[in-house]
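Chain naming here is simple, since letters A, B, ... match the order of the sequence lines and numbering starts at 1 in each.
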Protein chains: 2
Amino acid sequence: MKDTRSRATGRPTLAHVAALAGVSQITTSRALRSVPTVAPELVERVRAAAKALSYVPNPAARTLASARSQSILVLVPALSNHLFIETLEAIQAVFRPRGFEMLIGNYHYDSYEEEELIRNYLSHQPCGILLTGFKRSAVAADLLATSGVPRVQMMDLGGDTASVCVGFSQGSAGRAVADHLLSRGRRKLAFVGAQLDDRVMQRRAGFQQAIADAGFSQAVDILTPEPSSVDLGVTLFKRLLAECPQTDGVFFCNDDLAFGACFEALRKGISIPQRLSVVGFNDLPGASQMVPRLTTVQTPRASIGRQAAINLLKLLDGETLDTERVDLGFELVVRESS
Amino acid sequence: MKDTRSRATGRPTLAHVAALAGVSQITTSRALRSVPTVAPELVERVRAAAKALSYVPNPAARTLASARSQSILVLVPALSNHLFIETLEAIQAVFRPRGFEMLIGNYHYDSYEEEELIRNYLSHQPCGILLTGFKRSAVAADLLATSGVPRVQMMDLGGDTASVCVGFSQGSAGRAVADHLLSRGRRKLAFVGAQLDDRVMQRRAGFQQAIADAGFSQAVDILTPEPSSVDLGVTLFKRLLAECPQTDGVFFCNDDLAFGACFEALRKGISIPQRLSVVGFNDLPGASQMVPRLTTVQTPRASIGRQAAINLLKLLDGETLDTERVDLGFELVVRESS
DNA sequence: GAGATTTAGGATAGCGCTATCTCAAAGTCG
DNA sequence: CGACTTTGAGATAGCGCTATCCTAAATCTC
């Protein structure tokens, strides 16, 4: 019985496959990577040998030799918001079948942590990067730019730069909610925001702008940097009722806050939408079953993930994108709560 | 100006740090890895040089040379259940400060996908593995065993084997729910289960067993392999009411199903707990704000992640664990819904 | 104080791949 | 038809680290 595995790792190497297929190691490497200069017959033989030995390439060796790994770095600000889970799933659905792996970096909405993640993960030499939003520390931006690794931004549509992005206009979504509430005759509006990241603030700006454009008075702001949650929704809704009891329309920056408000309203006997209208954001699971069923903005987070991944693949293949800025829109879903 | 970066990657290498510190490359390697045979003064000098060059080790080279990466493979059956997000966060809080990276594998409750993930990720030579549960395909179990990589199982407490695990008894949790419902005078019980993974079935078995032990008749089963969700909760609750209108106590295998039931009950004017008691599982965010506030089983998923990670670190350091099976218990949180 | 042991650091040789260069054989063209 | 390109495959040389062996100095032993 001949040696068919490496001493160090206990697994077969390219050399073993090459020996079995009766070709050189480099031809084996090429055949397995589908480099087109290898005769189909040899590719066949190499593939068969690899299969026979259950050969799996060693990614460390590959990365070291080529100075490029087969992984994609994906940076998201949170995993606790279901929104990003759906985006990640969609991204993975594109990359896994193509043999790319995902390195998931969760920076907890903390720009310093984002910077550290970028520094650490760049050392793995990812072949592409997917980022959430445009706003980040100067150092982080510089690390990214210097790395030269192709990247695509997700979720919003940075106004100015020529960078590749896939998302929707957070500001327009905010405007759409204001227009809707105004069309329902609501005039004493409030914006309830948590986390206060860039995108929440864009929604808020669009919301306020639409109100101003319609000639009505500015919405009350109930803002907190705490992460969004159902519990927080209860707290902020109580605060709103205490501070501005006359409010007749509220835009919550995320559905879970709105869920909390609905629960509190049920408990207090405040009828939604009779006494006030409630609009959420994202159409998270459960929004359509809430009592009352929640009016909210359905955001295309899965499509964003999919399209961002596809565009990144195109960049990796050296293709030029017809559109650098992809706007996937959003949909205001009007239900019972408004 | 001297060369302080590699031609291939554009980053400084160990050799550059060594040159700047005026010691050999291998001493530099040792100093940075805190190998104890290096004089403190040299360590100091090397650290300073590394810092001056913003040196970051190349993980591919390290992995190739040592046949072991600095990453931990974590396999979870889903990311869409908030439960596992909390576990992942807790795991990461232990590993990141120690310089380990997490490879997250989501197998979507699919044992073939789990097998593929194991095969692919083992090629990265992780130094440790965290697994969810005990049940997996024979091939997967064999791949794991053959790899010889230290591993810890999370979530339940496999009855027989001597494997290291951290979790709680899913069966006992099921029993506790049954005992609670029986103590409330409920006799016409139902178990509503989705996904039907190993742990759900253990809960069900404990639930039914406790009912049998108390001498009452078996709970009605409403089961489906679909993934748990609020929408599905609505559907299954409707089915339960249609099939067994006399039911007076229901155990939902996950809170989101119970949420759906509460919403449907509110809509139909079915009063919980007067007409029937509802108990959920996991105490997911929102459970305590649901109308009515949901009685549920609080599971220690964050502690499980943390303790599993700590125990895995001990295994990596060659320590022997005083307890191979860590039972972190659970707590029945009685609220308004029962 | 000579021989045995320990210790700190260095020299060397890969880890398993791929980039790059090379070369023979086959095809191309005026 | 001879010089020129193209084409498929191999030989070679690393990628940036660490395992392993080795040496010289320091320490210990009786």
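- The side chain of A:Leu64 has C:dG16 as its nearest neighbour among C:dG16, D:dT20, D:dA9.
- Using a distance-only test at 3.5 Å, with no hydrogens or angles considered, a donor-acceptor pair links the side chain of B:Arg136 to the main chain of B:Thr132.
- Between A:Ala61 and B:Pro36, the residue anchored nearer the 5' end of DNA chain C, judged by the nucleotide with its closest heavy atom, is B:Pro36.
- Comparing D:dT18, C:dG9, C:dA19 against the side chain of B:Thr27 picks out C:dG9 as the nearest.
- Aromatic ring orientation, A:Tyr107 versus A:Tyr109: perpendicular (interplanar angle above 60°, classes split at 30° and 60°).
- Under a cut-off of 6.0 angstrom, the local environment of CZ in B:Arg119 is crowded, with over 12 non-hydrogen atoms contributed by other residues, nucleotides or ligands.
- Dashed line: the shortest gap from a side-chain N or O of B:Arg11 to OP1 or OP2 of D:dC15 is not under 4.0 Å.
- Side-chain atoms of A:Thr13 lie closest to C:dG16 of the nucleotides D:dT18, C:dG16, C:dT18.
- Atom OH of B:Tyr55 and atom C1' of D:dG16 are 7 Å apart (whole Å).
- With B:Ser71 contributing its side chain and B:Leu103 its backbone, the two residues share no donor-acceptor pair below 3.5 Å.
- Across all strands, B:Ala39 comes closer than 4.0 Å only to sugar-phosphate atoms, never to a base (heavy-atom distances).
- In this structure, B:Arg62 atom CZ and D:dC15 atom P are separated by 18 Å, rounded to whole Å.
- Going from atom CD of B:Gln70 over to atom P of D:dC17 covers 13 Å, rounded to whole Å.
- The base of C:dT7 is not paired with the side chain of B:Arg30 by any donor and acceptor separated by under 3.5 Å.
- The interatomic distance linking B:Gln25 (CD) with C:dA11 (P) rounds to 11 Å, in whole Å.
- Where B:Ala65 and A:Val23 meet DNA chain D, the nucleotide closest to each residue was compared, and A:Val23 sits on the side nearer the 5' end.
- As rounded to whole Å, 12 Å separates atom C1' of C:dG9 from atom CZ of B:Arg45.
- The nearest whole Å value for the distance from the CD atom in A:Glu41 to the C1' atom in D:dG8 is 12 Å.
- OP1 or OP2 of C:dG10 has at least one side-chain nitrogen or oxygen of B:Ser24 nearer than 4.0 Å.
- Between the CG atom of B:Leu14 and the C1' atom of D:dC15 there is a distance of 13 Å, rounded to whole Å.
- In this structure, A:Phe134 and A:Leu157 approach most closely via the heavy-atom pair CE1-C, 3.7 Å.
- Two residues, B:Pro40 and A:Pro57, neighbour DNA chain C, and the one matched to the more 5' nucleotide by heavy-atom proximity is B:Pro40.
- Distance A:Asn58 CG to C:dG14 P: 18 Å, rounded to the nearest Å.
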